[in-house]
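Read through the structure below, which is laid out as structure tokens, and then see the notes.
Residue numbers count from 1 along this sequence.
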Amino acid sequence: MRMIKKLISGELDVAICVTEGLVAGISNTKEADIRLFGTYVDSPLRNLDDLAFGATFGISREGSGSQVMAKFAASQYEWKEPPKFKILGDVNGLVAGVQSGEVDAFLWERTTMNRHYAQDKVRYLGTVKAPWPAFSFGARKEYIENNRALVGQLLRTIGENARAFLGDENDQIREEYVCGGLGYSLEDYRQWMGYVAYNFGGQVDRRKVEAAVKTLVKAGAMESCDAMADIILEP
């Protein structure tokens, strides 16, 4: 996972990652001593039967959320054969891979994909919904321990800004940013606003992280974890 590698190298002090990729990355690179210390987006990311017999999935990179979630789907739906993977980079590379027949499918956030569906570039097959927060914060254990006040302030500041961004008084600014700046349609923007839930305090729900660990271990997406202290360290 690219974010994990940047934390290990010291290029980043803190990263916001998809939760499943962060948890799996922490377990699979124990020598790096990375920890999950907060929650950013509480809501999870939102006919699959044809993929049950060894389908090839496009993924953005090794260890990415797109790969971890495909392993989770194979376990969750008890597919007959495990999926195979091919690295294709960003969403444009993944779309091109499906169009060329290089891969059978890929997993990506649905609202992001709506414009591609509307243009008939790819076809929607179904939703794989994981029972854990979509995005979490991660950092090196040493950095968290040496900067507890700063890390706590970071969570509060991001939470306060997310709350302000979602306030009714900023509806027009928010719409202009998401639709104009990011290129989403008004319909997609309203759909996104209907289901995304931010964690304004950044608190970690340990039960959800524990569920993620058990599920990802079962799916073969990460190594077993002896203690949650090896995964979570809150400031």
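Below 30°, between 30° and 60°, or above 60°: for F200 and Y198 the angle between ring planes is below 30°, a parallel geometry.
Between T111 and Y195, the side chains place a donor N or O and an acceptor N or O closer than 3.5 Å (distance only, hydrogens not considered). Side-chain contact of R110 with Y124: a donor-acceptor pair under 3.5 Å is present, judged by distance alone. Looking at E187 and Q191, their side chains never bring a donor and an acceptor atom within 3.5 Å of each other. In this structure, a donor-acceptor pair under 3.5 Å is present between the side chains of T19 and S136.
Side-chain N or O atoms of Q67 include one that pairs as donor or acceptor with a backbone N or O of G63 at under 3.5 Å. Between the side chain of S27 and the backbone N or O of E223 there is at least one donor-acceptor pair closer than 3.5 Å.
Around the CD atom of E169, the shell of radius 6.0 Å holds more than 12 heavy atoms that belong to other residues, nucleotides or ligands.
Linking ILVMFWY residues whenever their side-chain heavy atoms come closer than 4.5 Å, directly or via other members, leaves I173 and M193 in distinct clusters. By the criterion of side-chain heavy atoms lying less than 4.5 angstrom apart, applied directly or through intervening Ile, Leu, Val, Met, Phe, Trp or Tyr residues, L150 is grouped together with Y40 in one hydrophobic cluster.
Using a cut-off of 4.0 Å between Lys/Arg side-chain N and Asp/Glu carboxylate O, D104 and K84 are scored as not salt-bridged.
You'll find the ring centres of F137 and F37 inside the 6.0 Å limit.
Under the 6.0 Å distance and 45° angle rule, R115 counts as a cation-pi partner of Y184.
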Before giving the answer on side chain to side chain contact (heavy atoms under 4.5 Å, CB included), spell out for R174 and F165 the whole-Å C-alpha distance, their side-chain angles and the decisive distance to 0.1 Å. CA-CA 7 Å; R174 186 172 59 244; F165 179 70; 3.3 Å; yes
